[in-house]
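Letters A, B, ... mirror the listed sequences (proteins, then strands); counts begin at 1.
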Number of protein chains: 2
Amino acid sequence: MSIQLTPTARVILGMLKLGARTGYEIKQVIEVSTRFFWGASYGQIYPELKRLSQAGLVSASDAPRGGVKRTEYELTPEGERALEEWLAADDFGTFELRDELLLRFFFADLLDEADARAVVRRIRERSEWIVERFREIEPDARDGIREGRLYPHLTLQYGLALMEWTAEWASKTERQLENGGTQ
Amino acid sequence: MSIQLTPTARVILGMLKLGARTGYEIKQVIEVSTRFFWGASYGQIYPELKRLSQAGLVSASDAPRGGVKRTEYELTPEGERALEEWLAADDFGTFELRDELLLRFFFADLLDEADARAVVRRIRERSEWIVERFREIEPDARDGIREGRLYPHLTLQYGLALMEWTAEWASKTERQLENGGTQ
DNA sequence: TGAGCCATGTAAACGGTTACATGATTCC
DNA sequence: GGAATCATGTAACCGTTTACATGGCTCA
C-alpha cells in the first residue's frame with residue numbers, strides 16, 4: 001500500500017518521533033542505543049533525511065545556531081503513519097548477523113588446541129566488553145523510563161542478559177577445551 | 001604482513017580446506033552451515049574465486065562434467081598460510097547485527113499494548129523457526145564429527161542454545177506484558 | 001517431453017562506510 | 001591561541017544482493 005522504508009529511514013523516523021531533531025542528534029542517539037543491532041552513519045543519515053523530506057514524510061526547517069547552518073526535522077502526519085505502519089507490520093523483517101569470531105570457531109578444527117581455545121576466549125572477552133558498554137548507557141535508558149520510554153530500557157536489559165549468557169557459554173566452553181580437549 | 005582477506009574470501013578458503021571444490025559446492029555448504037552468521041552469494045563467490053586465483057591463494061583447474069564448463073579450486077600453500085594466519089589472528093574481527101524485530105521492540109512505546117506484545121511474539125516465533133532449521137542440519141554436523149570436524153557441531157550446538165534462550169526470554173516477556181502491562 | 005536440478009557466470013542496483021571538507025563554538 | 005567538540009554535508013569506494021542469462025544432465 002504505502003512506501004517501503006529504507007533501512008536507515010526506519011531508525012530515523014523512530015528517532016524523530018522520540019524527540020531527536022537534527023541529523024547530528026539522530027546519530028548521537030543511535031550511538032548510545034540501537035547501534036549494536038541497527039547502526040547508521042552520517043553518510044546515510046543526511047541524504048536519507050533529504051529523501052524523506054522530498055517524499056513528504058518529514059518536514060525540514062532552517063534553524064541555524066549562530067552562524068552555523070542547521071536543519072531541524074519533524075515527522076509529518078504521513079511520516080507518523082508510515083512509522084506506525086512499519087512498527088505494526090506482520091513480518092520478521094531483516095535479521096542479519098556477521099560474526100567473524102564465530103566463523104573462526106566454526107573452522108577451529110584447522111587450529112591447534114591453544115589457538116582454538118584463544119578463539120573462544122576472544123568470544124568471551126568481546127561479550128564482556130559489550131556488557132561494559134551496555135552498563136555505561138544503562139543510566140540513560142533508566143532516565144527514559146520516567147519519561148515513559150520503557151522499551152529502550154527493556155531492550156538494553158535483553159542485550160545485557162544475552163551478552164552475559166554468551167560470556168557464560170564461552171567460559172564453560174573454555175573449561176571444556178582445557179580438560180580433555182574436545183571430547 | 002600478508003594480504004588482508006575480503007569477507008567472502010574468508011569463508012571460501014575455509015570451505016576449500018574442508019573439502020569443497022567448486023563455487024557451487026562452496027555455496028551449498030555455506031547454506032547448511034555458516035549462513036546464519038556468515039553468508040555469501042554466487043555474485044560474490046565466483047568473482048572472488050577468480051581474484052583469489054589471480055592472487056595465487058587458490059589454484060584453478062578445468063574439470064568439466066559432460067559438456068558443462070566447470071572449474072575446481074584448491075588451496076595453494078600460500079592460500080593455506082593466509083587461512084591459518086587469519087584463523088589465528090588476535091582480534092575481534094567483524095561483528096555486525098541488523099535485527100528489525102529488535103528495532104521495533106526498541107520503539108514499542110509508540111505502539112499499543114497488543115501490537116507491542118505482537119512484536120515479542122514475533123521474536124519468539126523467529127527463534128523457534130531458526131531452532132527448527134538448526135535441527136534439520138544437525139544430522140549433517142553430527143556426521144562431520146566422525147570425520148574429525150568437531151567445531152561445526154559445537155557451533156551448531158551454540159546456535160541452538162542461543163536461539164532456545166532467546167525464545168525463552170520472549171516467552172517470559174510476553175507473559176510479563178500480559179499481566180500488568182509493562183509495570 | 002518437460003520439470004527440476006547442476007553449474008556457471010554477469011550486470012545493475014543498493015546500502016553502507018570512510019575519508020574528506022568546512023567552519024563555528026567552547027573551553028583550557 | 002589552540003584543541004576539542006558541535007554540526008553539516010559530499011564523493012569515492014566497497015561489498016552484497018538480485019535479477020538475468022545460459023545450457024547440460026537426470027529422471028519421471
Side-chain angles (χ1 to χ4, degrees), chain A residues 3-12 15-16 20-32 34-54 58 60-73 93-100 103, chain B residues 3-12 15-16 20-32 34-54 58 60-73 93-100 103:
Chain A
I3 326 99
Q4 157 75 12
L5 302 176
T6 63
T8 300
R10 307 200 255 262
V11 229
I12 288 178
M15 290 307 181
L16 287 174
R21 277 166 306 180
T22 65
Y24 192 80
E25 271 180 40
I26 290 168
K27 171 73 169 165
Q28 303 312 107
V29 180
I30 288 172
E31 285 310 296
V32 293
T34 67
R35 78 173 171 109
F36 283 96
F37 56 92
W38 205 277
S41 62
Y42 289 122
Q44 287 283 106
I45 292 168
Y46 285 113
E48 186 61 37
L49 279 167
K50 276 195 181 161
R51 267 197 300 277
L52 289 170
S53 175
Q54 275 157 23
V58 305
S61 54
D62 279 7
R65 282 267 175 80
V68 188
K69 194 171 76 169
R70 189 164 160 281
T71 313
E72 289 189 356
Y73 294 90
T94 299
F95 180 63
E96 283 167 26
L97 178 62
R98 202 145 249 248
D99 185 339
E100 192 166 338
L103 188 63
Chain B
I3 326 99
Q4 157 75 9
L5 302 175
T6 63
T8 301
R10 307 201 254 262
V11 228
I12 288 178
M15 291 305 182
L16 288 173
R21 277 164 305 180
T22 66
Y24 192 81
E25 270 179 41
I26 289 169
K27 171 73 169 163
Q28 304 311 106
V29 179
I30 287 173
E31 285 309 297
V32 294
T34 68
R35 79 175 169 109
F36 283 96
F37 56 91
W38 206 276
S41 62
Y42 289 122
Q44 287 284 107
I45 293 168
Y46 286 113
E48 186 62 36
L49 280 167
K50 276 194 182 162
R51 266 196 301 276
L52 289 169
S53 176
Q54 276 157 23
V58 306
S61 55
D62 279 8
R65 283 270 173 78
V68 186
K69 194 171 76 170
R70 188 164 161 281
T71 313
E72 289 189 357
Y73 294 91
T94 299
F95 180 63
E96 283 166 26
L97 179 61
R98 205 146 246 248
D99 186 339
E100 193 165 339
L103 187 64

- Query: Shortest non-hydrogen contact from Leu97(A) to Phe36(B)?
  - Reply: CB-O, 3.4 Å
- Using a cut-off of strictly less than 4.0 Å, decide whether Tyr24(B) has a side-chain nitrogen or oxygen near OP1 or OP2 of dT8(C). no
- Message: Going by ring-ring contact (aromatic ring centres under 6.0 Å, His included), name the residues that satisfy it together with Tyr42(B), two or more places apart in sequence or in a different chain.
- Response: Tyr46(B)
- Message: For Thr94(A), is there any backbone N or O sitting under 3.5 Å from a side-chain donor or acceptor partner on Arg98(B)?
- Response: no
- Note on the structure: The bend of the helix from dT1(C)-dA28(D) to dC28(C)-dG1(D), taken between the axes of its five terminal pairs at each end and rounded to 10°, is 30°
- Task: May I ask you to evaluate whether Arg70(A) reaches the phosphate of dG9(D), defined as a side-chain N or O under 4.0 Å from OP1 or OP2?
- Result: no
- Side chain to side chain, Val58(A) and Ile12(A), heavy atoms closer than 4.5 Å: no
- Message: Just so I know, are the side chains of Thr34(B) and Met15(B) near enough to count as touching, which here means a heavy-atom distance under 4.5 Å?
- Response: yes
- Which distance, rounded to the nearest 0.5 Å, do you find between the CG of Leu5(A) and the CZ of Arg51(A)? 11.5 Å
- Item | Heavy-atom side-chain proximity of Arg35(B) to Glu31(B) below 4.5 angstrom | yes
- Query: Counting any heavy atom closer than 4.0 Å, what does Lys27(A) reach on the DNA or RNA strands: base, sugar-phosphate only, or nothing?
  - Reply: nothing
- Query: Whole-Å distance between dG9(D) C1' and Glu72(A) CD?
  - Reply: 17 Å
- Query: What integer distance in Å separates Glu96(B):CD from dG15(C):C1'?
  - Reply: 12 Å
- Take atom CD1 of Ile45(A) and atom P of dG9(D), then tell me their distance rounded to the nearest Å. 12 Å
- For Glu96(A), which residues count as a salt bridge (Lys or Arg N to Asp or Glu O under 4.0 Å) partner, sequence neighbours excluded? none
- Interatomic distance where CH2 belongs to Trp38(A) and P belongs to dT17(C) [whole Å]: 12 Å
- Would one find a side-chain N or O of Thr8(B) under 4.0 angstrom from OP1 or OP2 of dT16(D)? yes
- Protein-nucleotide distance (Phe95(A), atom CZ; dT17(D), atom C1'), rounded to Å: 18 Å
- Query: Can you name the residues that form a side chain to side chain contact (heavy atoms under 4.5 Å, CB included) with Glu72(B), not counting sequence neighbours?
  - Reply: Arg21(B), Thr22(B), Ser61(B), Ala63(B), Arg70(B)
- To the nearest Å, give me how far apart CZ (Arg21(A)) and C1' (dA7(D)) are. 14 Å
- Message: From CD of Glu25(A) over to P of dG9(D), roughly how many Å is that when rounded to an integer?
- Response: 13 Å
- Message: Expressed as a whole number of angstroms, how long is the span from Lys50(B):NZ to dT10(C):C1'?
- Response: 9 Å
- Any Arg98(B) side-chain nitrogen or oxygen under 4.0 Å from OP1 or OP2 of dG15(C): no
- So which one's nearest nucleotide on DNA chain C is more toward 5', Thr6(A) or Pro47(B)? Pro47(B)
- State which of dT16(D), dA7(C), dG9(D) makes the closest approach to the side chain of Tyr46(B). dA7(C)
- Qualifying residues under side chain to side chain contact (heavy atoms under 4.5 Å, CB included), relative to Ala40(B), sequence neighbours excluded: Thr8(B), Ile30(B), Ile45(B)
- Message: On DNA chain C, does the nearest nucleotide to Thr22(B) precede the nearest nucleotide to Gly39(A) from the 5' side, or the other way round? Give the residue.
- Response: Thr22(B)
N/O contacts under 3.5 Å, protein versus nucleotides 18-22 of chain C?
none

